[in-house]
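Convention: sequence-line order gives letters A, B, ...; per-chain numbering from 1. The figures that follow rest on heavy atoms only: side chains count, while hydrogens, waters and symmetry mates do not. Everything quoted here is computed from the prediction, not taken from an experiment.
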Amino acid sequence: NAGVMQNPRHLVRRRGQEARLRCSPMKGHSHVYWYRQLPEEGLKFMVYLQKENIIDESGMPKERFSAEFPKEGPSILRIQQVVRGDSAAYFCASSQDNNEQFFGPGTRLTVL
Amino acid sequence: GIQVEQSPPDLILQEGANSTLRCNFSDSVNNLQWFHQNPWGQLINLFYIPSGTKQNGRLSATTVATERYSLLYISSSQTTDSGVYFCALGGSNYKLTFGKGTLLTVNP
């Protein structure tokens with residue numbers, strides 16, 4: 001049973017570009033969560049999704065950030081017009097029935 | 001929201017030593033997990049333990065939900081145990097709140 005998959009593992013963008021981060025949950029998992037790990041700030045919840053629904057986006061910045069989990073395909077975290085402060089590790093997790101969450105390897109975003 | 005405090009913040013051990021990491025939390029929880037973030041940045045699930053005691057090899061964990069704390073025990077530590085250990089809690093909404101972690105360094 002493959003674990004949570006994220007791609008790309010490393011992403012470099014210049015200021016003002018868009019970043020798209022992808023997450024495929026574990027087989028059989030219908031709950032997806034995104035977390036961000038900023039240097040010196042620890043891991044913070046961003047958004048919780050189920051298929052075609054955003055359940056809780058209380059941790060998402062109000063502008064430039066969006067997330068989706070379509071009926072078919074991976075969950076996408078999209079960051080528009082990236083700034084240097086967006087540089088961080090972005091982790092996706094998945095769970096079955098809101099219990100134990102399993103994390104992917106993360107995407108390390110660097111904004112030049 | 002839930003407050004999560006981990007102690008100690010840093011710990012240096014010689015290979016073969018035992019250690020106990022502590023996680024205190026402020027509210028009742030539905031989910032408590034321990035993770036190891038290795039030097040490559042990957043988050044490895046150690047335990048899902050909202051209550052009770054579990055063991056996996058040299059690692060074990062205990063959560064006393066009524067007293068709002070959890071302990072992670074590492075016995076006979078190895079250099080590969082080095083990294084950051086996180087405690088994370090989920091309340092009624094299941095999003096995880098992470099502690100700041102314990103940075104463990106195991107020297108040969």
Is L13(B) linked to Y73(B) within one hydrophobic cluster, defined over Ile, Leu, Val, Met, Phe, Trp and Tyr using a side-chain heavy-atom separation of less than 4.5 Å?
no

Between the CZ atom in F91(A) and the CG atom in L96(B), the distance rounded to the nearest 0.5 Å is 13.0 Å

Interatomic distance, CD@Q42(B) vs CZ@F103(A), rounded to 0.5 Å, equals 13.0 Å

Can you tell me how far the CZ atom of F86(B) sits from the CG atom of L43(A), to the nearest 0.5 Å?
5.0 Å

Can you establish whether the number of heavy atoms outside R15(A) located under 6.0 Å from its atom CZ is more than 12?
no

In terms of hydrophobic clustering (I, L, V, M, F, W, Y; side-chain heavy atoms under 4.5 Å; direct or indirect links), are Y90(A) and Y33(A) co-clustered?
no

State yes or no: are the ring centers of F98(B) and F45(A) separated by less than 6.0 Å?
no

Audit row: E100(A), N31(B), side chain to side chain contact (heavy atoms under 4.5 Å, CB included) steps and yes/no:
CA-CA 7 Å; E100(A) 185 175 9; N31(B) 178 358; 5.7 Å; no

Near E5(B) CD, under 6.0 Å, is it more than 12 heavy atoms from other residues, nucleotides or ligands?
no

With rounding to the nearest 0.5 Å, note down the distance linking NZ in K95(B) to CD in E57(A).
11.0 Å

Under 4.5 Å from any heavy atom of chain B - which part of E41(A):
neither

Nearest-0.5 Å distance, CD of residue Q101(A) to CZ of residue F35(B):
7.0 Å

Is there a path of hydrophobic side-chain contacts, each under 4.5 Å between heavy atoms of I/L/V/M/F/W/Y residues, joining I76(A) to L109(A)?
no

By a 4.5 Å heavy-atom criterion (distance strictly below it), what part of Q33(B) contacts chain A: side chain, backbone, both, or neither?
side chain

Please check if atom CD in Q81(A) has more than 12 non-hydrogen atoms from other residues, nucleotides or ligands closer than 6.0 Å.
no

Has M5(A) got more than 12 heavy atoms of other residues, nucleotides or ligands less than 6.0 Å from its CE?
no

